Amino acid sequence: MSEVSDDDFAEILAQTRRFLRTAVVPREQEILDGDRVPDDLREQAKAMGLFGYAIPQQWGGLGLDLIQDVELALEFGYTSLALRSMFGTNNGIAGQVLVGFGTDEQKSRWLGPMAAGDVVASFALTEPGAGSNPAGLTTKAVRDGTDWLISGAKRFITNATVADLFVVFARTRPADAQGAGIAVFLVPADAAGVEVGAKDAKMGQEGAWTADVVFTDVRVPDTALVGGAEDLGYSAALTSLARGRVHIAALAVGAAQRALDESVAYAATATQGGTPIGDFQLVQAMIADQQTGVLAGRALVRDTARRWVSGEDRRIAPSATKLFCTEMAGRVADLAVQIHGGTGYMRGVPVERIYRDVRLLRLYEGTSEIQRLIIGGGLVRAAQRR
């Protein structure tokens with residue numbers, strides 16, 4: 001049950017949409033050129049509560065459930081994905097680990113500042129040799145008296161360069177019959193032994209910062225162990241990632257909608273031999289395929305969010321939705337460049353940026369290949385159990 005009524009949420013959604021369309025969309029080129037979201041936009045997002053929209057109200061957030069979350073994500077996807085990336089980890093994979101698995105003490109220490117945007121939390125799971133499958137991670141946490149010593153290297157960590165808190169996944173023992181042996185720790189960014197690398201130079205999503213993080217004998221107290229239990233880590237990671245997949249799918253649909261809108265506007269006005277290219281049937285066919293993908297993706301995202309909130313399906317549907325929507329967004333963006341012709345290949349044209357931005361959506365929160373394994377393997381194992 002959401003903490004926010006439908007009427008109140010309608011107002012939150014309308015305000016968010018207005019902010020994105022009037023304040024962010026006109027400054028997409030500025031974000032791209034500077035590889036950063038301007039401070040005034042960050043402050044506006046903070047004031048609107050966007051750094052904690054999915055954090056419960058008792059901890060200072062807006063308390064939106066996933067059904068409402070995806071409606072916001074459909075809007076976030078419409079513009080530069082860097083804007084959403086600023087507060088995505090607070091609401092998503094990092095914040096949800098704390099909301100779902102943290103002790104009361106951990107929640108009261110961190111969630112309020114996160115919801116206010118005063119603390120940025122980063123989700124430190126991915127490693128050079130362990131990406132979409134957390135089972136392969138090698139970062140270690142070793143007991144030392146009442147403390148833990150954490151050592152290992154993490155890669156592609158979103159918001160690492162501006163993080164105040166790292167939610168770090170580390171192996172406390174080899175996997176055994178009791179569990180995966182993976183625990184989660186809350187590590188302040190200023191702890192001794194934490195080293196954040198240079199900002200990654202990526203294909204797209206300028207302004208959304210990622211970097212490597214190295215932990216060398218980082219000492220944290222036992223109170224830093226999320227949930228106070230070693231074996232929470234793996235399930236915390238999987239649960240948080242599954243929820244995040246639905247959010248990423250909605251972002252993909254938002255980006256595809258923008259690519260479609262740009263395509264229709266261009267086709268209606270650009271001419272070839274004096275005729276608007278939108279009058280040509282092959283161009284209309286491309287627009288039809290874009291529209292069909294967007295409509296299917298939006299319906300799928302909304303249905304899956306409902307199933308998540310009801311508890312009906314928190315594994316197969318999120319993976320299927322992420323797989324379909326992110327692949328669909330790639331096709332829609334590709335068609336958008338095609339409809340624009342040579343113009344679509346030029347820097348400064350929105351569909352060129354979208355084409356590069358959406359490519360990452362098929363990789364993070366689990367690659368398309370991993371989603372296929374989760375879906376196919378999950379269905380077969382369920383049939384075998386029956």
Side-chain angles (χ1 to χ4, degrees), residues 50-56 59 61 64-66 69-70 72-73 76-77 81-102 106-107 110-111 114-115 117 119-127 130-135 137 139 154-170 180 182-187 189 205 208-211 213 226-227 232-252 304-305 308 314-315 318-319 321-322 325-326 360-367 370-371 374:
L50 293 180
F51 277 81
Y53 67 80
I55 293 172
W59 309 112
L64 304 187
D65 65 15
L66 188 58
D69 180 319
V70 298
L72 287 189
F76 296 146
L81 295 182
L83 190 281
R84 166 262 165 201
S85 190
M86 279 195 316
F87 46 75
T89 47
N90 273 24
N91 290 290
I93 47 183
Q96 294 304 316
V97 166
L98 262 174
V99 169
F101 299 91
Q106 290 164 345
K107 290 176 182 177
W110 292 108
L111 286 178
M114 284 168 60
V119 162
V120 173
S122 240
F123 186 80
L125 173 64
T126 303
E127 297 179 0
S132 297
N133 182 6
L137 68 78
T139 295
K154 300 292 184 178
R155 193 180 215 180
F156 310 139
I157 304 305
T158 301
N159 289 330
T161 55
V162 294
D164 303 287
L165 175 70
F166 288 105
V167 178
V168 182
F169 291 76
I182 296 170
V184 190
F185 297 88
L186 302 176
V187 181
Q205 297 207 14
W209 296 344
T210 62
V213 187
V226 170
L232 271 178
Y234 195 61
S235 61
L238 294 182
T239 303
S240 190
L241 285 169
R243 188 188 189 282
R245 285 166 185 153
V246 190
H247 174 88
I248 296 297
L251 278 185
T304 298
W308 174 278
R314 293 189 169 186
R315 185 151 173 79
S319 284
T321 304
K322 199 244 177 197
C325 292
T326 58
L360 182 57
L361 301 180
R362 285 146 65 186
L363 301 175
Y364 65 15
E365 246 90 316
T367 61
I370 284 289
Q371 308 312 328
I374 291 170

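Worth saying up front: this structure is predicted, and the values here are computed from it rather than measured.
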Taking all non-hydrogen atoms of both residues into account, name the closest pair between [X] and [Y] and its distance.
X    : Y    : answer
N90  : I55  : O-CD1, 3.9 Å
C325 : A249 : CB-O, 3.6 Å
A94  : S122 : CB-C, 4.1 Å
G102 : K107 : O-CE, 3.3 Å
P318 : T304 : N-CG2, 3.7 Å
A305 : L66  : CB-O, 3.8 Å

Would you say the side chain of [Y] lies within less than 4.5 Å of the side chain of [X], judging by non-hydrogen atoms?
X    : Y    : result
V184 : V167 : yes
S319 : R245 : yes
V97  : F169 : yes
Y364 : L361 : yes
L238 : R314 : no
D69  : R243 : yes
F101 : T239 : yes
M86  : F51  : yes

Side chain to side chain contact (heavy atoms under 4.5 Å, CB included) between L50 and F76, worked out
CA-CA 11 Å; L50 293 180; F76 296 146; 4.1 Å; yes
Tell me, please, which residues at least two apart from A189 pass side-chain contact (heavy atoms from CB on, under 4.5 Å).
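Residues passing side-chain contact (heavy atoms from CB on, under 4.5 Å) with A189: F166.
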For V119, which residues count as a side-chain contact (heavy atoms from CB on, under 4.5 Å) partner, sequence neighbours excluded?
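By the side-chain contact (heavy atoms from CB on, under 4.5 Å) rule, V119 matches W110, P113, M114, D164, L165.
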Between Q96 (side chain only) and G244 (backbone N and O only), is there a donor and an acceptor less than 3.5 Å apart?
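Here the side-chain-to-backbone pair does not exist.
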Would a distance-only check, ignoring hydrogens and angles, find a side-chain to backbone donor-acceptor pair under 3.5 Å from T139 to A170?
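Here the side-chain-to-backbone pair does not exist.
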Show, in sequence, the C-alpha distance, side-chain angles and deciding distance for L125 and L241, and conclude whether the side chain to side chain contact (heavy atoms under 4.5 Å, CB included) test is met.
CA-CA 10 Å; L125 173 64; L241 285 169; 3.9 Å; yes
As an exercise, state the distance from [atom1] of [X] to [atom2] of [Y], rounded to the nearest 0.5 Å.
X    : Y    : atom1 : atom2 : value
R84  : Q205 : CZ    : CD    : 8.0 Å
K322 : T326 : NZ    : OG1   : 4.5 Å
E365 : I93  : CD    : CD1   : 4.5 Å
L186 : L98  : CG    : CG    : 5.0 Å

Determine the interplanar angle of the H247 and Y53 rings, folded into 0 to 90°, and report it as parallel if under 30°, tilted if 30 to 60°, perpendicular if over 60°.
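Judged by the thresholds at 30° and 60°, the geometry between H247 and Y53 is parallel.
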Just to verify, what does T89 make a side chain to side chain donor-acceptor pair (under 3.5 Å) with, not counting sequence neighbours?
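For T89, the residues satisfying side chain to side chain donor-acceptor pair (under 3.5 Å) (neighbours in sequence not counted) are N159.
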Determine, for E127 against K154, whether the closest basic-nitrogen to carboxylate-oxygen distance falls under 4.0 angstrom.
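So E127 pairs with K154 through a salt bridge.
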